[in-house]
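No hydrogens, no waters, no symmetry mates; every other heavy atom, side chains included, goes into these values.
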Amino acid sequence: MLNESDDKIFLTGATGFVGQQLSQYLDEHNFQLKILCRTPSASSSKNTEIVKVELENIDSWSQYLDGCSVIIHLAARVHVMNDTSKNPLEDFRKVNTHATLNLASQAAEAGVKRFIFLSSIKVSGEETQLNRPFKSSHKPKPVDPYAISKYEAEEGLKNLSEQTGMEVVIIRPPLIYGPGVKANFLSMIKWLSKGLPLPFGAINNKRSMVGLTNLLDLIITCINHPKAANQTFLVSDDRDISTTELLVLIGNALNKKTRLLAIPGKYIYLFASSIGKKSLAHRLCGSLQVDIEHTKKTLNWKPPVTMESELVKTIEKFRKVQK
């Protein structure tokens, strides 16, 4: 990761999974930082100023952007599995599209030189054919409301950059894991920690993931790398694995023997569909691969840590929380 920078950074989403670790790193390495958060859980320091407001409720950003040269925009309405909203697309757009573009537009007026936007691989599409990964040059194919709202934000940011000259950097991560991870990844850790037998011993898919350390390293690289301007970057650990292989790696990090039943994926699909969990079966049995050659070549960058080392850190955190 890069060290101290003269850039004053405005960070949104500082209390989220990625934002907490990113704000801590930037503060510890003496970046001048202003963070936006809706809860009082973040603490200030000599390098960090806190702004406690809600992203979608701000009309004027001028008082908050003074002196900031880089914005790292992580705040978002995240993808939810069982959305009960009457109009989910408009709810996602309110935060992920409209609030993002309002912030970016005023940032350009305030003289911010670079806007780093954390998007999602779902903008590229929901899944890939085996060994035919998404590339940054591929035409986006967003499907669900969350992905559409992120795609519309990306397009709006590109147009704004053309009109104003403010540099835009777009990063599309796949599944992010690391210390403090939640949702389905945490569920897998819990299952394996209990020694439960799982029906995923014969899954021959390939999925890309990105460890939190590697994602943070890329974001920090993009703060002032001259070749990052106006680029879209895909990111991963640069290693694609099957669900079966992932469960074995997690088991190794837990020092637990994995008990995986060799049930073909087609039967898992059928069962999951019968109980209304078809989308979960797609994530467990389908493929989603990303090609990060453009990212590596453009930035002369490579993931600094291995999947195994990030999983060890993830399990260490899991055990601390369980105590």
Does Gln32 use its side chain to pair, donor to acceptor, with the backbone of Ile9 at less than 3.5 Å? no
Quick one: does any side-chain atom of Asn230 pair with a main-chain N or O of Val168 as donor and acceptor, under 3.5 Å? yes
Salt bridge flag under 4.0 Å for residues Lys113 and Glu167: no
Is a side-chain N or O of Arg93 found less than 3.5 angstrom from the main chain of Pro88, in a donor-acceptor match? no
Without swapping roles, check the side chain of Lys34 against the backbone of Tyr64 for a donor-acceptor pair under 3.5 Å. yes
Should the pair Arg172-Glu154 be classified as a salt bridge under the 4.0 Å nitrogen-to-oxygen rule? yes
Would you please indicate yes or no on a ring centroid separation below 6.0 angstrom for Tyr269 and His282? yes
Is the side chain of Gln20 donor-acceptor paired with the backbone N or O of Thr15 at a distance under 3.5 Å, no angle test? yes
Measuring from Arg207:CZ to Cys285:SG, what's the distance to the nearest 0.5 Å? 9.5 Å
Can you tell if the side chain of Cys222 reaches within under 4.5 Å of the side chain of Leu299, non-hydrogen atoms only? yes
Using modelled atom types only, decide if a donor and an acceptor are shared between the side chain of Thr295 and the backbone of Leu234 within a distance under 3.5 Å. yes
Would you tell me whether Glu155 and Asn159 have side-chain atoms, one donor and one acceptor, within less than 3.5 Å of each other? no
Closest heavy-atom pair, Val18 versus Leu74, reported as atoms and distance to 0.1 Å, is CG1-CD1, 4.0 Å
Please report the closest heavy-atom contact between Val210 and Pro174, naming both atoms and the distance. CG1-CD, 4.0 Å
Under a 4.5 Å cut-off applied to non-hydrogen side-chain atoms, are Leu246 and Phe200 in contact? no
For the student: nearest non-hydrogen atoms of Ile203 and Leu284, plus distance: CG2-O, 3.5 Å
Between Thr97 (side chain) and Ser149 (backbone), is there a donor-acceptor pair under 3.5 Å? yes
Taking Glu127 for the side chain and Gly286 for the main chain, is one N or O donor matched with an acceptor at less than 3.5 Å? no
Rounding to 0.5 Å, atoms CG (Leu186) and CZ (Phe318) come to a distance of 6.5 Å
Point-to-point distance, once rounded to the nearest 0.5 Å, from CG of Asn300 to OG1 of Thr221: 10.0 Å
Please report the shortest heavy-atom distance between Glu310 and Gly178, naming the atom on each side. OE2-CA, 3.8 Å
Short side-chain to backbone donor-acceptor contact, Thr128 and Phe134, under 3.5 Å: no
The test is salt bridge (Lys or Arg N to Asp or Glu O under 4.0 Å); show your working for Glu162 and Lys158 and say whether it passes. CA-CA 6 Å; Glu162 292 177 358; Lys158 291 175 185 177; over 6 Å; no
Show your working on side chain to side chain contact (heavy atoms under 4.5 Å, CB included) between Tyr146 and Leu89 and close with a plain yes or no. CA-CA 7 Å; Tyr146 169 75; Leu89 178 55; over 6 Å; no
Look at the aromatic rings of Tyr25 and His29 and report parallel, tilted or perpendicular, splitting at 30° and 60°. parallel
I'd like to check Ile148 versus Val143 (side-chain heavy atoms, cut-off strictly below 4.5 Å). Are they in contact? no
With a 4.5 Å limit on heavy-atom distance, are the side chains of Phe10 and Leu33 in contact? no
With side chain to side chain contact (heavy atoms under 4.5 Å, CB included) as the criterion, how do Leu65 and Leu103 come out once you've worked through the C-alpha distance, each side chain's angles and the decisive distance to 0.1 Å? CA-CA 10 Å; Leu65 297 177; Leu103 169 60; 4.3 Å; yes
Nearest-0.5 Å distance, CG of residue Asp27 to CG of residue Leu11: 11.5 Å
What residue pairs, at least two apart or across chains, pass side chain to side chain donor-acceptor pair (under 3.5 Å) with a residue in residues 232-244? Tyr177-Asp237, Asn205-Thr243, Ser208-Asp240, Asn214-Asp237, Asp238-Lys296, Arg239-Glu308, Asp240-Gln289, Ser242-Glu245
Taking C-beta and beyond as the side chain, do Asp217 and Pro303 meet within less than 4.5 Å on heavy atoms? no
Do the non-hydrogen side-chain atoms of Lys150 and Lys122 ever get within less than 4.5 Å of each other? no
Heavy-atom distance under 4.5 Å between the side chains of Leu261 and Leu198, does that happen here? no
Taking all non-hydrogen atoms of both residues, which atom of Pro173 and which atom of Ser119 are closest, and how far apart? CD-O, 3.4 Å
List the steps, then state whether side-chain hydrogen bond (donor to acceptor under 3.5 Å, both in side chains) holds for Glu28 with Gln24. CA-CA 6 Å; Glu28 289 175 352; Gln24 180 179 336; 3.1 Å; yes
Phe117 and His73 aromatic ring geometry - parallel, tilted or perpendicular at 30°/60° bounds: parallel
Heavy-atom closest contact (Pro179 atom, Lys317 atom, distance): CB-CB, 3.7 Å
Rounded to the nearest 0.5 Å, what separation is found between the NZ atom of Lys297 and the NZ atom of Lys227? 12.5 Å
NE2/His138 to CZ/Arg132 distance, rounded to the nearest 0.5 angstrom? 8.5 Å
Going by heavy atoms in the side chains, are Ile189 and Thr314 under 4.5 Å from each other? yes
Say whether, by atom type as modelled, one donor and one acceptor occur between the side chain of Thr306 and the main chain of Ser309 under 3.5 angstrom. yes
